[in-house]
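FYI, side chains are in, hydrogens and waters are out, and symmetry mates aren't considered; it's all heavy atoms of this structure. Source: prediction; values computed, not measured. Residues: numbered from 1 along the sequence shown.
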Amino acid sequence: MFAFVKLIYLTTIKQINYKFFILYFTLLCSFSSLANQNIYIYKTDSTIIGFPIEDVTSIQTNRDEHIVMVGTKLFSYPINEISRVSFDAPHPTQFVTFHFNDKYNLQLPSNIDCVWDQTLNKWIAAVNSIGHYLIPSFQIKSGVKVFNNGERIKSKKSVVNFKEEVEFLLVDSSIMILKGVEDGIYDFFPQENRISVSVDFPSDTASVNRVYVWTNGGQDVVSKTDYLSAKIEITDNGVFPGFIDSTLIKGRGNTTWSSTHKKPYRLKLYKKGKPLGLDRGKSWNLLNNYRDSSMMCNAMAMKIGHMLGIPFTNHMLPVDLYLNGEYRGNYSFTEKIGIANNSVDSEEELGAYILEFDTYLFEDPYSNKYQEEYKDSSSIFHLPFCVSEPDLDEMQEENARYFFSKTKLELKELEEAIAEKDSDDIMNYIDVELLAKTFFVYDVTFNNEVNWPKSVYFYKLDTLGSLFSMGPLWDFDLAFGQYSQMYDFQPAMDWRLLGTPIWPNDVGYSYRGSGYMFFYYIRQNRAFQKAYYEVYKEFARRLPELYDFAESYYLYGKSSFEKNAELWQCGKDAEALLSRFKEWITYRVETLYRHMREYDSSLPENPDI
């Protein structure tokens with residue numbers, strides 16, 4: 001009531017032109033329904049100024065301006081810049097939309113839209129992924145800033161941990177409210193609104209999907225070359241959707257096929273499908289992870305690729321495999337690397353191709369002969385390579401020969417630029433930023449196989465001037481210090497960098513060491529070093545996300561890993577290895593940093609992790 005009397009006094013003892021007499025009269029008539037103690041000036045530029053009635057000492061208008069006095073401070077606004085004055089508070093600032101886009105969250109099979117729950121008064125969503133860190137995409141009024149725990153949150157860029165309900169602070173500088181700072185001192189503050197987002201992760205409580213494959217006649221899969229016709233059924237576990245279709249199946253892999261009883265498999269659907277909700281494609285792999293004591297190395301490497309935004313990085317989803325009704329163990333269901341919608345997304349018609357570097361391309365490990373015609377040794381660093389895709393055997397011989405010679409020439413041009421060590425010319429042949437990201441994943445996980453090399457890929461998306469790109473990432477079952485299962489996550493063994501010898505005889509261009517020289521020269525390039533350091537900083541900043549993923553992945557697959565260990569050796573030490581993982585990766589990051597300082601002494605002595 002006091003404020004009401006005060007406003008009558010303020011509006012009757014001052015000069016009020018006709019326009020504002022009507023305005024104030026309207027305000028007085030509506031005062032009985034006043035829901036707050038502020039009076040708001042709505043300006044024509046869409047900004048809003050709020051004054052607390054209790055603190056206003058006078059209000060005055062004339063032909064040119066509207067004046068509000070608070071204490072001894074005067075606030076003046078031109079009449080022609082005011083659209084209205086009202087007790088009606090502006091609507092609280094709110095997200096227009098809030099979602100998780102798979103473009104910025106590469107671990108997601110598809111986009112996830114949040115919905116506003118009027119009853120709970122918050123945004124809610126269920127996310128079918130493993131791990132709790134996500135990059136939100138949101139629409140909001142221009143000029144509004146979003147914060148969480150004092151940190152600025154940017155749409156499509158900031159990483160947020162959604163394991164618990166997240167409260168965002170929305171700060172709208174277009175709505176400024178006058179507030180008393182202390183006795184007699186006032187200042188304007190932007191309007192603030194707190195909005196909560198609650199994300200449910202079904203993977204926190206679910207068990208892994210089961211994959212059932214029935215071959216025609218119940219035949220066992222005994223060949224890497226001959227497909228068998230089969231039916232596939234994947235159960236829906238409430239996280240990743242089920243799938244039923246016809247397929248072909250055969251064996252796959254090199255050492256993992258020939259040296260283990262737990263066999264890996266290749267699936268080829270008759271038509272493109274979306275098993276487990278992944279991108280539509282025909283060709284898929286079931287990896288046995290037999291040499292991986294943790295059962296998680298491939299998955300963690302791909303997670304790092306997703307964190308760094310490396311294109312065409314595979315998903316690694318743990319499943320239980322049943323072949324003709326017989327339990328075969330825990331497997332990783334993943335995409336097959338190729339030129340396809342669910343892998344390197346380009347078209348062979350554009351001239352896209354993928355090169356594979358692998359010592360298994362040798363017919364005899366100690367000779368220079370190859371198993372097939374379209375495999376060779378690169379011109380400078382003598383890397384064993386082939387055109388993985390397209391399949392040159394399916395081309396006319398003349399076209400295939402031309403295509404292969406063209407790729408070998410383009411690879412030679414790249415090698416020549418790399419051999420210059422510190423030449424900017426390298427940037428004319430390869431995407432250096434992506435090279436740094438992809439190589440960093442191999443380096444931080446201590447994946448020795450690039451030194452041989454084994455299962456290393458480079459690709460071009462077209463013949464219209466595209467650069468080489470390193471990737472996609474592949475084959476990390478012996479990463480993280482698990483070489484020969486002797487040094488499982490043991491930091492003391494993993495001081496080396498890639499591009500340095502593995503064993504004393506791995507020097508020069510030997511059978512086991514040609515990759516070493518190639519990547520050693522890359523390390524000398526200054527443009528690469530700068531890009532590599534930027535990747536390092538991004539990864540070190542996001543280490544907690546990797547810790548969260550490792551724990552989440554283990555808990556999601558725990559019962560499957562334990563069941564697998566009853567049948568096979570792998571997986572029995574998964575929990576113990578998880579406990580050592582944080583120590584191992586922290587030590588590894590510090591090791592990389594120490595070696596970076598050898599190239600750039602201006603870096604701080606200690607890493608910020």
Side chain Asp358, main chain Tyr360, donor-acceptor under 3.5 Å
yes
Quick one about Ser158 and Tyr104 (side-chain donor to acceptor, distance below 3.5 Å, no hydrogens or angles considered), yes or no?
no
ask   = Side-chain contact, heavy-atom cut-off 4.5 Å: Leu287 with Asp477?
value = no
Taking Ile339's backbone N and O only, do any of them form a donor-acceptor pair with Glu389's side chain (distance below 3.5 Å, no angle check)? yes
Aromatic rings Trp568 and Tyr290: how do their planes relate, parallel, tilted or perpendicular, breaks at 30° and 60°?
-> perpendicular
OG (Ser469) and CD1 (Ile354) are apart, to the nearest 0.5 Å, by 11.0 Å
Could Glu534 and Lys537 be called an ion pair, given the rule that one side-chain N must be under 4.0 Å from one carboxylate O?
-> yes
Here the gap from Leu278 atom CG to Leu317 atom CG, rounded to the nearest 0.5 Å, amounts to 5.5 Å
Only residue of Arg328, Arg252, Lys224, Lys250 satisfying side-chain hydrogen bond (donor to acceptor under 3.5 Å, both in side chains) with Tyr265 is Arg328
In terms of side-chain geometry, is the basic nitrogen of Asp320 or Lys563 positioned less than 4.0 Å from the acidic oxygen of its partner? no
Nearest heavy-atom contact between Phe528 and Ala436 is CE1-CA, 3.6 Å
Rounded to the nearest 0.5 Å, the CD atom of Glu167 sits from the OG atom of Ser196 at a distance of 5.0 Å
* Hey, would you say the Phe162 and Phe100 ring centroids sit under 6.0 Å apart? -> yes
_Within the 4.5 Å heavy-atom criterion, are Tyr553 and Pro318 side-chain neighbours or not?_
yes
query = Quick check: does any side chain N or O of Asn314 sit under 3.5 Å from a backbone N or O of Met302, one acting as donor and the other as acceptor?
reply = no
**Request:** Report, as yes or no, whether the 6.0 Å neighbourhood of atom CD on Glu433 holds more than 12 heavy atoms from other residues, nucleotides or ligands.
**Result:** no
Do Phe243 and Leu269 make a side-chain contact, defined as non-hydrogen atoms from C-beta onward lying under 4.5 Å apart? yes
Next on the checklist: Quick one, Tyr556 and Asn237 - any side-chain contact, counting heavy atoms below 4.5 Å?
Outcome noted: yes
Taking C-beta and beyond as the side chain, do Tyr536 and Phe440 meet within less than 4.5 Å on heavy atoms?
yes
| task | Answer yes if the side chains of Asn289 and Asn330 hold a donor-acceptor pair under 3.5 Å, and no otherwise. | result | no
Separation between CG (Asn105) and CD1 (Ile112), nearest 0.5 Å, reads 9.5 Å
(message) Donor-acceptor pair, distance only, cut-off 3.5 Å: does the side chain of Thr247 make one with the backbone of Lys268?
(response) yes
- [ ] Measure centre to centre between the rings of Phe240 and Phe333, then say whether the value is under 6.0 Å.
- [x] no
One pair to check against side-chain contact (heavy atoms from CB on, under 4.5 Å): Asn448 and Leu478. What are the steps and the verdict?
CA-CA 8 Å; Asn448 273 322; Leu478 291 184; over 6 Å; no
Is it possible for you to check whether Lys262 lies under 6.0 Å from the centre of the six-membered ring of Tyr331, through NZ or CZ, and within 45° of that ring's axis? yes
Interatomic distance, CD@Glu335 vs CG@Asn342, rounded to 0.5 Å, equals 5.5 Å
Is the backbone N or O of Leu435 less than 3.5 Å from a side-chain atom of Asp431, with the two atoms forming a donor-acceptor pair by type? no
- Message: Under 6.0 Å between ring centres: does that hold for Phe581 and Tyr554?
- Response: no
Tell me whether Asn341 contacts the main-chain N or O of Gly281 through its side chain, where contact means a donor paired with an acceptor under 3.5 Å. no
Exercise. State, without any angle test, whether His315 and Asp279 hold a side-chain donor-acceptor pair at a distance under 3.5 Å.
Key: no
*asked:* For a quick check under 3.5 Å, do Asn101 and Ser137 share a side-chain donor-acceptor pair by atom type?
replied: no
Exercise for the section: Decide yes or no for Cys114 and Phe138: does some side-chain heavy atom of the first lie under 4.5 Å from some side-chain heavy atom of the second? Expected result: no
Checking Asn324 side chain against Thr215 main chain: does a donor-acceptor pair fall under 3.5 Å? yes
Self-check item: From CA spacing to verdict: side-chain contact (heavy atoms from CB on, under 4.5 Å), Tyr133, Met307
Solution: CA-CA 10 Å; Tyr133 284 72; Met307 289 165 54; over 6 Å; no
Exercise for the section: Please check if the side chain of Thr235 supplies one atom and the backbone of Arg210 the other of a donor-acceptor pair under 3.5 Å. Expected result: yes
- Is the distance between the ring centroids of Phe519 and Tyr442 less than 6.0 Å? no
Those residues at least two apart in sequence (or on a different chain) that pass side-chain hydrogen bond (donor to acceptor under 3.5 Å, both in side chains) with Arg280 are none
Show the numbers, then the answer: is there a side-chain contact (heavy atoms from CB on, under 4.5 Å) between Tyr374 and Met395?
CA-CA 12 Å; Tyr374 302 118; Met395 291 185 181; over 6 Å; no
Counting only heavy atoms from other residues, nucleotides and ligands, does the tally under 6.0 Å from NZ of Lys103 exceed 12? no
* Verify salt bridge (charged side-chain N to carboxylate O under 4.0 Å, His left out) between Glu583 and Arg580, making sure each step is shown before the conclusion. => CA-CA 6 Å; Glu583 176 190 1; Arg580 293 210 300 261; over 6 Å; no
Angle between ring planes, Trp123 versus Phe95, binned at 30° and 60°: parallel, tilted or perpendicular? perpendicular
Identify whether NZ of Lys or CZ of Arg in Lys582 sits under 6.0 Å from the centre of the six-membered ring of Tyr547 and within 45° of that ring's axis. yes
Got Glu538 and Leu308 here, is their nearest side-chain heavy-atom distance under 4.5 Å? yes
Taking the inter-plane angle between the rings of Phe439 and Tyr532 on a 0 to 90° scale, is it parallel (under 30°), tilted (30 to 60°) or perpendicular (over 60°)? tilted
- Leu134 side chain near Phe201 side chain, heavy-atom distance below 4.5 Å: yes
Interatomic distance, OG@Ser552 vs CD1@Ile130, rounded to 0.5 Å, equals 8.5 Å
Checklist entry - Which word best sums up how the rings of Phe404 and Phe385 line up, parallel for under 30°, tilted for 30 to 60°, or perpendicular for over 60°? => result parallel
Examine the side chains of Thr438 and Tyr457 and answer whether a donor and an acceptor come within less than 3.5 Å of each other.
no
Exam field: side chain Ser203 to backbone Ser129, donor-acceptor pair closer than 3.5 Å
yes
Once you measure the plane-to-plane angle for Tyr322 and Tyr327, does it fall in the parallel (<30°), tilted (30-60°) or perpendicular (>60°) bin?
tilted
Judged by atom type as modelled, is there a donor-acceptor pair below 3.5 Å linking the side chain of Asp548 to the main-chain atoms of His132?
yes
